[in-house]
Structure formats: structure tokens, C-alpha cells
Amino acid sequence: MQENPRSRKLLRNTTLQRKSCEMADLSVFQSYTNTPQRRNSFYCYSTKFFIQDAAIFFILVEAYRTYRSKRQAVFLNDWFIDGKIPDDLQEGGYLSQINISSDLRKEYSKGASDAVNAVGRTFADKAKNHGGGITGFFGALKQKTGDNRLSAGVFDEPQSRVVEMLDSNNAHGFGDDGGAGATFKPHLHYQPFGKFATQTLKFRGALKAVGFNPDALGIY
């Protein structure tokens with residue numbers, strides 16, 4: 001049976017619209033978090049719905065895109081993908097790994113781990129990653145003299161999943177950049193859920209240990 005050109009065009013347009021919608025969702029949340037004050041409003045507001053772990057992951061991934069730090073990538077992967085979060089920070093639902101299937105978790109974790117391992121921890125590691133020997137030496141030398149940071153897109157896929165969770169068909173009041181249909185207004189100041197005060201303080205220490213600036217990220 002010959003495919004109807006009109007049907008093919010409609011399918012292509014639908015796909016493009018869906019991709020455009022996904023990108024629009026991401027850009028809206030990026031607009032919520034493009035200043036320290038907005039990030040703090042976003043973080044504090046999210047505690048009202050107990051979705052602060054998703055909001056935190058979003059904020060951290062956006063910061064990671066700028067610096068592409070290896071230890072920050074390891075931190076994001078260990079805590080939010082693999083779920084290696086200290087027990088006291090999991091109490092009361094303050095932090096948890098992102099809510100995805102076990103198959104996706106393995107896929108995302110492997111992708112992040114492979115990206116970290118590809119960079120290598122020492123010059124010898126880099127040479128080994130490039131195949132060893134003289135080829136590995138020159139490959140490592142080229143990597144050392146160039147941009148040897150991780151890819152900015154390591155967490156793109158889990159980030160898109162988190163955007164879906166945060167949006168949840170606008171169940172949490174996130175509209176189009178604080179528009180008329182939104183409950184959340186990024187220019188306003190919100191009070192965080194008081195029960196999380198001690199955990200927030202400890203989490204800030206963990207962020208500082210891997211080079212994140214919790215004040216600039218609005219996590220307080």
C-alpha cells in the first residue's frame with residue numbers, strides 16, 4: 001500500500017510540534033532559574049509540593065552545563081541517578097533519586113559514567129583511554145591542550161524527564177514564565193518548608209564540597 005503524502009506530512013508536523021513543545025517546556029523552566037533570586041523562588045516554591053528534589057536536580061544540571069565539572073557530574077550521577085544519597089537527607093522526602101524506570105536509570109548512569117571515564121583522571125588515564133602506546137600518548141596530549149571538560153549534554157535526557165515531572169500537566173502551577181495561568185511567580189519571594197531547614201544546611205555543605213555555590217544556586 002502506498003503511503004498517503006498528506007498523512008506523512010501531518011505526522012511530520014505533529015512530531016515537530018511535539019519537539020517544539022518539549023523545548024518550550026525546558027525554556028520556561030530555564031527562565032524560572034536564570035538569576036539567583038529566581039532560583040531561590042523556584043526552590044522554595046517547590047517545597048510546597050514536595051518536589052524540591054526535582055527542582056534541585058534541574059538547577060544543578062543547568063549549573064553543570066556551564067562548568068562541565070567531572071566531580072559535579074559524578075555527584076549528580078551518584079546521588080540523583082544511582083540514589084546514593086545519605087539517609088538523613090532522604091528523611092521526610094527531602095531528597096531522592098529521580099523517578100525513572102530501572103532500565104532508564106541504568107542507561108543514564110552508564111552514559112554519565114562513560115563520559116567521566118572518557119576524560120580520564122590523569123595523563124596516563126587519558127593515554128589509556130585513547131588506546132595506549134604512542135597513539136594514546138598523542139591522543140592524550142591533544143585532549144590536554146584542548147577542551148577536556150565533559151560534554152554539556154551528559155544529563156540532557158534525565159533533565160527532560162525531570163521537566164515532565166515538574167510540569168505534570170501544570171499540576172504544580174508552573175505556567176508560561178509566570179503568566180496569568182501560573183500559580184508560581186518567579187519574581188516573588190517564597191518561604192521554604194521549615195521542616196527541611198536542617199537538611200538544606202547539610203545539603204549546602206555537600207554542594208560546596210563538589211564545587212557548587214549554593215548561594216548562587218538559590219538553595220537556602
Side-chain angles (χ1 to χ4, degrees), residues 19 22-23 25-27 29-36 39 42-43 53-86 89 95-133 135-166 203-219:
K19 288 182 177 179
E22 290 171 356
M23 291 175 65
D25 289 342
L26 176 62
S27 66
F29 283 94
Q30 286 173 332
S31 74
Y32 286 154
T33 56
N34 58 11
T35 70
R39 287 189 282 272
F42 181 68
Y43 166 71
D53 45 0
I56 286 169
F57 182 77
F58 184 89
I59 291 170
L60 295 183
V61 169
E62 290 302 300
Y64 162 79
R65 290 185 199 280
T66 300
Y67 300 106
R68 292 187 282 157
S69 160
K70 182 165 58 181
R71 61 178 176 165
Q72 291 174 357
V74 170
F75 176 81
L76 284 165
N77 188 57
D78 284 352
W79 283 47
F80 294 95
I81 307 296
D82 288 341
K84 299 173 183 175
I85 303 170
L89 290 180
L95 286 184
S96 65
Q97 60 188 153
I98 61 175
N99 186 21
I100 52 176
S101 69
S102 58
D103 287 343
L104 283 177
R105 195 175 309 286
K106 290 176 184 177
E107 177 186 334
Y108 295 159
S109 181
K110 184 179 184 304
S113 297
D114 288 349
V116 169
N117 292 333
V119 173
R121 298 185 181 276
T122 65
F123 188 84
D125 289 331
K126 293 185 177 101
K128 184 178 180 181
N129 285 334
H130 283 279
T135 302
F137 173 82
F138 283 111
L141 186 63
K142 181 179 179 181
Q143 183 178 351
K144 183 177 180 181
T145 57
D147 183 357
N148 60 4
R149 295 181 299 170
L150 273 68
S151 165
V154 169
F155 296 101
D156 279 0
E157 284 296 322
Q159 179 80 312
S160 67
R161 296 281 176 172
V162 164
V163 165
E164 292 174 6
M165 296 172 206
L166 287 167
F203 182 56
R204 283 169 54 86
L207 293 176
K208 290 177 182 178
V210 293
F212 284 118
N213 181 343
D215 290 333
L217 296 177
I219 300 174

- Item | For Arg149 against Thr66, the heavy-atom pair lying closest together | NH1-O, 3.4 Å
- Message: Return the NZ to CD1 distance between Lys110 and Ile81, rounded to the nearest 0.5 Å.
- Response: 14.5 Å
- Item | Spacing of CG belonging to Leu207 relative to CD belonging to Gln72, to within rounding of 0.5 Å | 9.0 Å
- Message: With rounding to the nearest 0.5 angstrom, report the CD1 to CZ distance, Ile98 to Arg161.
- Response: 9.0 Å
- Message: Just verifying a value: how many Å separate Phe212 CZ and Phe203 CZ, rounded to the nearest 0.5 Å?
- Response: 8.5 Å
- What are the two closest heavy atoms between Arg105 and Ile100, and how far apart are they? NH2-O, 2.9 Å
- Query: How long is the span from the OH atom in Tyr108 to the CG atom in Asp103, to the nearest 0.5 Å?
  - Reply: 11.0 Å
- Query: Which word best sums up how the rings of Tyr32 and Phe29 line up, parallel for under 30°, tilted for 30 to 60°, or perpendicular for over 60°?
  - Reply: perpendicular
- Asp215 vs Arg204 side-chain heavy atoms within contact, under 4.5 Å: yes
- Task: Describe, in one word, how the ring planes of Phe80 and Phe57 are oriented to each other, choosing from parallel (under 30°), tilted (30 to 60°) and perpendicular (over 60°).
- Result: tilted
- Message: How close do Arg68 and Leu150 get, counting heavy atoms only, and between which atoms?
- Response: CD-O, 2.6 Å
- Tightest non-hydrogen contact, residues Ala55 and Leu166, listed as N-CD2, 3.9 Å
- Under 4.5 Å between any side-chain heavy atoms of Asp82 and Asn77, yes or no? yes
- Message: Could you check whether atom CG of Asn213 has more than 12 heavy atoms from other residues, nucleotides or ligands sitting under 6.0 Å from it?
- Response: yes
- Query: Can any side-chain N or O of Ser109 pair as donor or acceptor with the backbone N or O of Lys106 at less than 3.5 Å?
  - Reply: no
- Query: Between the side chain of Arg65 and the main-chain N/O of Asp156, is any donor-acceptor distance below 3.5 Å?
  - Reply: no
- Heavy atoms, side chains only, cut-off 4.5 Å: are Trp79 and Ile56 in contact? no
- Does Val163 reach the side chain of Gln30, with side-chain heavy atoms less than 4.5 Å apart? no
- Once you round to the nearest 0.5 Å, how far does CG of Leu60 lie from OG1 of Thr33? 11.0 Å
